Amino acid sequence: MHFEAGIEFAQALDHEDPLSRFREEFSIPAQPDGSQEIYLCGNSLGLQPRRARDYVNQELDKWATLGVKGHFDCEFPWMPYHEFLAESSANLVGAHSDEVVMMNSLTVNLHLMMVSFYRPSATRYKIVIEDHAFPSDHYAVESQLRHHGIDPEDGLLLLKPREGEELLRLEDITALIEEQGDSIALLLLPGVQYYTGQVLPMAELTELAHQHGISVGFDLAHAVGNIPLQLHTWNVDFACWCSYKYLNSGPGSVAGCFVHRRHAQNTQLPRFAGWWGHDKQSRFRMENRFQPIPTAEGWQLSNPPILSLAAIRASLDVFSEAGGMGPLRSKSEKLTAYLQFLLKSEVGEYISIITPEDLEQRGCQLSLSCNARHLSGRQLFQRLEEHGVTCDWREPNVIRVAPVPLYNRFADVYRFVEILKAACEE
Ligand SMILES: *Cc1c(COP(=O)(O)O)cnc(C)c1O
């Protein structure tokens with residue numbers, strides 16, 4: 001990819017961007033002076049699709065005018081509402097629609113999946129996660145181990161980058177699996193590492209783990225809506241994701257879950273059950289003999305929060321109109337490559353990029369480690385905020401920046417680097 005310095009070049013890229021009109025679909029937060037923020041934080045909380053308000057209002061109106069009848073005879077009845085999200089969610093993760101369900105929250109889904117897919121025996125009982133796993137994932141896994149009477153000191157294997165390095169190496173993961181594979185029950189890794197932005201080779205890892213009889217789950221919080229995924233073809237056992245980061249579905253909105261068809265159809269799999277996972281035809285007979293739906297829906301517990309699902313439906317419709325992950329990823333590759341180009345050429349002496357340069361190993365996000373003249377990383381981050389940039393800060397010394405293809409412009413990236421440069425040179 002060829003890039004040039006100067007705002008005119010950024011504007012030209014925006015001009016020829018086939019997705020540029022989608023920015024209008026979103027509410028962009030404003031600065032105190034009324035101008036739009038430079039919002040580069042879609043990896044933490046995606047912006048609101050304008051139509052989310054209409055979709056949610058539609059459900060509030062149905063509630064007001066129909067009461068309980070909103071479950072049945074109307075547009076988008078609540079009873080099957082989650083089914084309206086299945087196909088478009090499945091498209092985003094490369095799954096069949098019977099393999100995906102939107103339910104609960106991310107950490108809850110991780111627990112539910114471990115109930116089914118972490119079945120320790122006396123000899124095969126260890127779980128592999130990364131040393132720098134998101135705290136919630138770490139707590140979930142530790143508590144699962146303890147729940148089975150296993151001391152995490154013994155049962156938890158932590159993958160660490162090499163001394164002095166930030167990224168995980170496939171050969172190190174391979175070595176661990178080859179050494180200890182017989183004692184490992186579950187490999188639970190992120191699709192995109194939240195701190196470094198590194199994309200892990202999910203297809204290779206799944207194949208390798210399966211060769212050693214290990215189940216494989218992915219936390220896709222930072223991967224879904226960001227990079228192309230092929231969960232079904234990769235033969236992943238399960239995956240979970242939240243919907244409020246790149247999926248733009250609102251703070252704390254309902255999460256996603258993938259269960260591979262070969263497991264979903266196995267109604268004998270142990271699970272924690274609830275009535276919404278029970279066979280739809282006989283659910284209301286209330287007979288108390290649990291018969292799971294032979295799809296990912298069989299893991300549902302409760303009837304879901306419709307207002308949240310409405311916001312998800314709004315967001316998924318925007319993804320579909322944009323043509324799905326193909327066009328979005330094309331723009332994203334270019335947008336982040338442009339960010340990388342400007343960072344290197346404008347602030348290369350103050351900023352190093354932790355995220356891999358290789359396109360296959362990164363999504364939207366670049367994680368920057370800071371070494372400005374007079375400001376600490378934290379102060380640099382504050383300076384960015386003062387100038388209308390929203391990105392995020394992670395201890396000890398990382399600023400995470402994520403230009404997202406649905407609503408960020410090349411000009412946002414340009415302006416961000418301009419502000420960053422001024423702060424670095426202070
Ligand atoms: C954002 C994120 C979470 C958040 O979990 P919730 O259950 O949605 O609060 C968990 N794990 C990872 C890897 C995340 O990035």
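Bear in mind that the values here come from a model prediction, so they are computed numbers and not experimental data. Each residue takes its place number in the sequence, starting with 1. Start at 1 and go down the list; that is how both ligands and their atoms are numbered.
Cation-pi geometry between Lys344 and Phe3 is not met at under 6.0 angstrom from the ring centre and within 45 degrees of the axis. Annotation: cation-pi pair Arg50/Phe26 absent, no NZ/CZ under 6.0 Å from the ring centroid and within 45° of its normal. Arg400 forms no cation-pi arrangement with Trp393, by the criterion of a distance under 6.0 Å to the ring centre and an angle within 45° of the ring axis.
Atom 3 (C) of ligand 1 has Phe134 CE2, 3.3 Å as its closest protein atom, hydrogens excluded (heavy atom only). Here the heavy atom of the protein found nearest to atom 11 (N) of ligand 1 is Asp137 OD1, 2.7 Å. If you check which protein heavy atom lies closest to atom 5 (O) of ligand 1, you get Thr107 OG1, 3.5 Å.
Near Asp219, meaning under 4.0 Å from any of its heavy atoms, are these atoms of ligand 1: 11 (N), 12 (C), 13 (C). The contact set between ligand 1 and Lys245, taken as ligand atoms under 4.0 Å from a residue heavy atom, comprises 1 (C), 2 (C), 3 (C), 14 (C), 15 (O). Proximity to His222 (heavy-atom distance under 4.0 Å) selects the following atoms of ligand 1: 15 (O). The distance from ligand 1 to the heavy atoms of Tyr244 drops below 4.0 Å at these ligand atoms: 1 (C), 4 (C), 5 (O), 6 (P), 8 (O), 9 (O).
Taking CG of Leu45 as the start and SG of Cys242 as the end, the distance is 10.0 Å to the nearest 0.5 Å.
For the side-chain hydrogen bond (donor to acceptor under 3.5 Å, both in side chains) test, residues two or more places apart in sequence or in another chain that qualify with Arg329 are Glu333.
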Considering only distance and modelled atom types, tabulate donor-acceptor pairs under 3.5 Å from the side chains of residues 178-194, sequence neighbours left out.
{"residue": "Gln180", "atom": "OE1", "partner": "Lys126", "partner atom": "NZ", "Å": "3.1"}
{"residue": "Ser183", "atom": "OG", "partner": "Gln180", "partner atom": "O", "Å": "2.9"}
{"residue": "Gln193", "atom": "OE1", "partner": "Tyr195", "partner atom": "N", "Å": "2.6"}
{"residue": "Gln193", "atom": "OE1", "partner": "Thr196", "partner atom": "N", "Å": "2.9"}
{"residue": "Gln193", "atom": "NE2", "partner": "Glu130", "partner atom": "OE1", "Å": "2.9"}
{"residue": "Gln193", "atom": "NE2", "partner": "Glu130", "partner atom": "OE2", "Å": "3.4"}
{"residue": "Gln193", "atom": "NE2", "partner": "His132", "partner atom": "O", "Å": "3.1"}
{"residue": "Tyr194", "atom": "OH", "partner": "His132", "partner atom": "ND1", "Å": "3.3"}

